[in-house]
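Written below as structure tokens is the structure these notes are about.
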2 protein chains.
Amino acid sequence: MANEKVTSIEVAKKAGVSQSAVSRVFTPGASVSPKMAEKVLKAAEELGYRPNVLARSLITGRSRIIGLVVAYLDNQFYPDALEKLSNALQAHGYHILVFMVSNDDDGIDKVMGELLDYQVDGIITASVAMSNALTSRCAAAGVPVVLFNRGQDDVRLNQVTSDNFEGGRKIAAFLAAGGHKKIAHIAGWSGSSTGRDREAGFRAGLREVGLELSVCIDGMYKRDIAAQAARDIFSAKDRPDAVFVGNDHMAFAVMDVLRFELKLDVPGDVSVVGYDDVPLAAWPAYDLTTLRQPSNRMVEATVSTLLGWIEEGSQDVQKIKIDGPLMIRGSARLPEGWPDERL
Amino acid sequence: MANEKVTSIEVAKKAGVSQSAVSRVFTPGASVSPKMAEKVLKAAEELGYRPNVLARSLITGRSRIIGLVVAYLDNQFYPDALEKLSNALQAHGYHILVFMVSNDDDGIDKVMGELLDYQVDGIITASVAMSNALTSRCAAAGVPVVLFNRGQDDVRLNQVTSDNFEGGRKIAAFLAAGGHKKIAHIAGWSGSSTGRDREAGFRAGLREVGLELSVCIDGMYKRDIAAQAARDIFSAKDRPDAVFVGNDHMAFAVMDVLRFELKLDVPGDVSVVGYDDVPLAAWPAYDLTTLRQPSNRMVEATVSTLLGWIEEGSQDVQKIKIDGPLMIRGSARLPEGWPDERL
DNA sequence: ATTTATCGTGCATACGTATGCAAATTGAAA
DNA sequence: TTTCAATTTGCATACGTATGCACGATAAAT
């Protein structure tokens, strides 16, 4: 296992030029003559030389590494986003360094420290909140942060979300139009802006049509908690006839409980609506009506915001909300007169 | 956005000691007196100093970065593995740099080049094959490689898989015991060792009990291709009464087609068995009988192999096969006398 | 008190690259 | 041919850290 690293100096020697010449050949935009470039590239090719990104970063101050902090990967929304983020950044010559963190403990601070040790050029947090102290540290280190799919009041923090309030409202309107009278909500984690906004929008939407929430339980974005909530809510005789679940991941658990434990028909007995539109929601086994978070556009906005900060320097802080459509499928009763535009 | 990096020199100045002293305080196992450590740590604390991992790597030759090359993240098996790998490596002070790659084109070579540019200490490939040239380059660079969930003949490559051949055999025995006579296989991609081994084991298992495969189509590990295969196979009047699908991800698509397009009962009309045991397989909507790939143990083996190479230097090449149990659930007919140990 | 061993510290250098500056080369214009 | 500008090249240094070496301090042993 010969550990033979080829350096620019060896290439220079072989090509009979200076080390700086080699460096310039591999630095886009530097001034080099064609024949010099040819000589160097030939030597580099023969020796198998490639510039050391880490050494380069020491000089340039850019590592071309983006730190991604993420809590869950079992909710399909996040691997999907990770894949898209990674592809988008890869196209710009950046790569993602992954940091898993549990949302409940305060390991976030520790992990963030490690993150900064790697001199990342930027940070994306997916479904993770930032403490004030952390935000300050990142600001002091000059590392831009974008919150993906989570909002926070701090004026220093960029964020990209769907329009969660409006999304909740749309769902309320849809369920009301469907003639549902007794409506439940198994909410997203109340410790998250997404969870709170969806709930607030949903309540507002119901209020607009003279309805109010019959029962509301915090599902914490966890399958088992949501499942238990479903049992609690729908075991009663005078159970609700509709439920909006704070994200698809929980909605699947809720549908499983309704259909296989409580032997209820969806949507005959209960209409179920989720939030996210993960790929699984479109599979016939669930065929879940849900509000789509346009992950493509969210990723796009995240990447362009982050690269803007990194490559152009200080920018305006972005608080981007992207509107998403309600994907009407088979898990909720279709209101009279609504076009059946099932997808 | 003040870009103020604190260096060991500034800490040294503040603490009234040399830069080397600061370095030693932050280098585990170095020789420092308690009072020196105290002074330095105090100064570091006040300035918010943290060692620059990249600069350190230039000296030590270790980046504490592991490159992960992965093709799919829509098959739940991989995000699950990614999460576990990341957690395990994080516990050892390593982190994962993600590289997405499509399996069909030859972007793998390009991506691998970028990978090595980052001076990664090791590489894990998940469901991705290595070309000979690549293997040589990694060997030359002294970077150990572990193939996760894929095998390859090259004697230089470590690999961790489940016992795919034996797994295929177990499934054959199970379906045969269930009295199935006409058995189909929608195989994993024939370009992958996992796909080939599972199919070979399955065929061998059938042969042992005097059966043979009725029909076999390569599903390429893709949902849509598997779905089309299911349509082709099960539309006929004399359709098979059982199918082994090369992984769970495809098996879900197959079940969807069987139940919702062809209106067949599973397992009444057709028994379906998958491979992987991703979390979704246990959800009641699918309740899929499947051969479990013990991802915990596979991750453990992967990490310890990799760290062995990195921290102890050259080792024996490991070709690890981990045996997994058949998870008996509701998607396949239960043979008489078999304990119903549904999980 | 003297010798010897042990430990802690500072000095200097190295890791692999990028870049300001000045020298050298090229080419065009006169 | 000469002059001048434009371009290309090499030299030297810097990035932030780790570590071999030699020296000084301290403790232990005689």
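Computed from a prediction, not measured in an experiment: that's the story for all the values here.
Taking a cutoff of 4.0 Å between a charged side-chain nitrogen and a carboxylate oxygen, A:Glu46 and A:Lys42 qualify as a salt bridge.
When the side-chain nitrogen and oxygen atoms of A:Ser8 are compared with OP1 and OP2 of C:dT17, one or more of them lie within a distance under 4.0 Å. The shortest distance between the side-chain N/O atoms of A:Ser18 and the OP1/OP2 oxygens of D:dT9 is not below 4.0 Å. Taking 4.0 angstrom as the limit, A:Ser23 places a side-chain polar atom (N or O) nearer than this to OP1 or OP2 of C:dA18. Close to D:dT7, at under 4.0 Å from its OP1 or OP2, lies no side-chain N or O of A:Ser33.
Atom CD1 in B:Ile59 sits roughly 13 Å away from atom C1' in C:dT17 (whole-Å rounding). A:Lys5 places its NZ atom 12 Å from the C1' atom of C:dC15, with the value rounded to the nearest Å. Atom CD of B:Gln119 is separated from atom P of C:dG16 by 9 Å (rounded to the nearest Å). The separation between A:Tyr118 atom OH and D:dT17 atom P is 15 Å, rounded to whole Å.
For B:Ser20 and A:Ala21, each mapped to the nucleotide of DNA chain C holding its nearest heavy atom, the one lying further toward the 5' end belongs to B:Ser20.
The minimum heavy-atom distance linking B:Tyr72 with B:Tyr78 is given by the pair O-CB, 3.4 Å.
Within 6.0 Å of CD on B:Glu45 lie no more than 12 heavy atoms contributed by other residues, nucleotides or ligands. Around atom NZ of B:Lys13, no more than 12 heavy atoms belonging to other residues, nucleotides or ligands sit under 6.0 Å away.
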